[in-house]
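To start, the structure under review is shown below, and the notes come after it.
Since we're looking at a predicted model, the values are computed, not measured.
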Amino acid sequence: KQKTAYVIYQCDWSSDVCSSDLMSEWSRKHFYLSRESSQTDGGWEPWAYQVGIMDAIADDDIREVSVKKSARYGYTKILVCGLLYFAEHKKRNQAVWQPTGADAEEFCKVELEPAIRDVPCMAPIFPNALRKSKTNPLQLKKFTTGALHIKSGTASGEYRRITVAVGWLDELSKFPYDVEGEGRPFNLAEKRIEGAVFPKIVTGSTPSARGGGWWVNMPSRILLRGR
């Protein structure tokens with residue numbers, strides 16, 4: 001059961017969870033900006049407006065976080081940090097959908113794999129993440145207690161046979177309104193988190209100046225799970 005929807009204005013979310021569970025604190029301790037996708041490589045210090053979003057995503061009482069953002073917001077770094085945080089700290093199965101197959105491949109090669117390589121605490125739980133093989137393809141990262149799926153959002157088959165606790169849809173406004181007649185991408189992804197103890201779905205997008213696509217009318221919000 002979901003409770004009230006709140007609109008996020010910059011950084012007005014304040015979490016009451018233990019500080020050791022906050023993604024912002026985890027990121028300060030562990031996350032690293034890799035040279036492949038950053039102006040300079042090195043440790044991460046989130047901006048104030050990023051802290052609220054990160055800690056809302058980490059809060060188990062929140063089922064949905066939807067972020068409507070500008071360009072150069074740092075959302076991709078929040079996404080990558082979140083994937084590693086939920087894998088290492090909360091040990092949950094995840095799936096991230098990108099607008100196209102090419103986007104999914106580039107995200108994996110440029111953002112995800114360098115982060116796995118450069119964040120030391122990931123080595124014990126991703127022992128084979130950077131070794132390509134038939135049992136460890138580009139679109140599936142197996143860690144010691146679960147899996148991370150990297151998928152394209154344009155084909156209905158990419159939403160099947162996946163059971164996860166956390167689902168991410170990146171640049172949702174670039175997804176088709178309806179995926180091959182099967183339904184909206186958000187609804188298809190949401191089906192994949194059904195049954196999880198702490199289900200979570202996170203979306204983010206940058207609407208364009210020319211109308212922004214079907215997603216532009218959706219609010220930035222968080223949805224709390226019923227206690």
What is the distance from atom CD1 of Ile193 to atom CD of Gln94, rounded to the nearest 0.5 Å? 12.0 Å
Holding to ring pair (Phe, Tyr, Trp, His ring centres under 6.0 Å), I want the full list of residues that pass it with Phe31, two or more places apart in sequence or in another chain. Trp44
What heavy-atom pair brings Ala196 and Ala165 nearest, and what distance separates the two atoms? CB-CA, 3.9 Å
Would you indicate whether the side-chain heavy atoms of Trp168 and Leu148 approach each other to under 4.5 Å? no
What residues form a side chain to side chain donor-acceptor pair (under 3.5 Å) with Gln98, not counting sequence neighbours? Asp170
Might you work through the side chain to side chain donor-acceptor pair (under 3.5 Å) test for Glu158 and Trp97, ending with a clear yes or no? CA-CA 8 Å; Glu158 297 288 89; Trp97 287 270; over 6 Å; no
I need the Thr163 OG1 to Arg192 CZ distance, nearest 0.5 Å. 6.0 Å
For Ser37, all residues meeting side chain to side chain donor-acceptor pair (under 3.5 Å), sequence neighbours excluded: Lys77, Glu111
Please check if the distance between the ring centroids of Tyr73 and Tyr49 is under 6.0 Å. yes
Taking side chain to side chain donor-acceptor pair (under 3.5 Å) as the test, write out the residues that go with Asp118, two or more places apart. Ser34
By side-chain contact (heavy atoms from CB on, under 4.5 Å), Ala123 pairs with (sequence neighbours left out) none
Out of curiosity, Ile150 CD1 to Leu112 CG, how far, rounded to the nearest 0.5 Å? 5.5 Å
In sequence, state the C-alpha distance, the side-chain angles, and the governing distance for Arg63 and Glu190, and then conclude on salt bridge (Lys or Arg N to Asp or Glu O under 4.0 Å). CA-CA 10 Å; Arg63 178 186 176 92; Glu190 194 171 34; 3.7 Å; yes
Rounded to the nearest 0.5 Å, the NE2 atom of His89 sits from the CG atom of Leu22 at a distance of 8.5 Å
Minimum heavy-atom distance Tyr75-Gly204, with the two atoms named: OH-N, 3.5 Å
Exercise: do Thr100 and Thr154 side chains pair donor with acceptor under 3.5 Å: no
For the pair Lys200 (side chain) and Asp59 (backbone), establish whether a donor and an acceptor sit closer than 3.5 Å, ignoring hydrogens and angles. yes
Quick one: does Tyr85's side chain have a donor or acceptor within less than 3.5 Å of a partner on Asp21's backbone? yes
What residues, two or more places apart in sequence or in another chain, satisfy side chain to side chain donor-acceptor pair (under 3.5 Å) together with Gln139? none
Angle class for the Trp26/His30 ring planes (parallel below 30°, perpendicular above 60°, tilted otherwise)? tilted
Hey, could you give me each pair passing salt bridge (Lys or Arg N to Asp or Glu O under 4.0 Å) that has a residue in residues 92-101? Not counting sequence neighbours. Asp60-Arg92
Might you point out which heavy atoms bring Ser27 and Cys81 nearest each other, and give the distance in Å? CB-SG, 3.5 Å
Going by the rule side-chain contact (heavy atoms from CB on, under 4.5 Å), which residues pair with Arg28 if we only count those two or more places apart in sequence or in a different chain? Ser24, Glu25, Glu45, Pro46, Val51
Quick one: does Lys141's side chain get under 4.5 Å of Met122's, heavy atoms only? no
Between Leu79 and Phe107, is any pair of side-chain heavy atoms under 4.5 Å apart? yes
The criterion is ring pair (Phe, Tyr, Trp, His ring centres under 6.0 Å); which residues satisfy it with Phe143, sequence neighbours excluded? Phe126
Which residues pass the side-chain contact (heavy atoms from CB on, under 4.5 Å) test with Glu105, sequence neighbours left out? Lys109, Leu138
Taking salt bridge (charged side-chain N to carboxylate O under 4.0 Å, His left out) as the definition, give me every residue that meets it alongside Glu88, ordered by chain and number, with sequence neighbours left out. none
In chain order, what residues pass the side-chain contact (heavy atoms from CB on, under 4.5 Å) check against His149, with sequence neighbours excluded? Ala95, Leu140, Ala147, Lys151, Ile162, Val164
Please report the interatomic distance CG(Leu172) to NZ(Lys68), rounded to the nearest 0.5 Å. 11.0 Å
Please evaluate residues Glu182 and Lys191 with respect to the criterion salt bridge (Lys or Arg N to Asp or Glu O under 4.0 Å), reporting the C-alpha separation (whole Å), side-chain torsions for both, the decisive distance (0.1 Å), and the verdict. CA-CA 12 Å; Glu182 296 287 333; Lys191 287 287 185 182; over 6 Å; no
Ignoring hydrogens and angles, tell me if any N or O in the side chain of Tyr159 forms a donor-acceptor pair with the backbone of Gly153 under 3.5 Å. yes
Smallest separation among heavy atoms of Ala189 and Ile201, with atom names: CB-CD1, 3.9 Å
Is there side-chain contact between Ile57 and Phe86, with heavy atoms separated by less than 4.5 Å? yes
CZ of Arg117 to OH of Tyr32, rounded to nearest 0.5 Å, is 9.0 Å
Non-hydrogen atoms of Gln50 and Gly74 that approach each other most closely: NE2-CA, 3.6 Å
Less than 4.5 Å apart, any side-chain heavy atom of Leu33 and any of Thr40? no
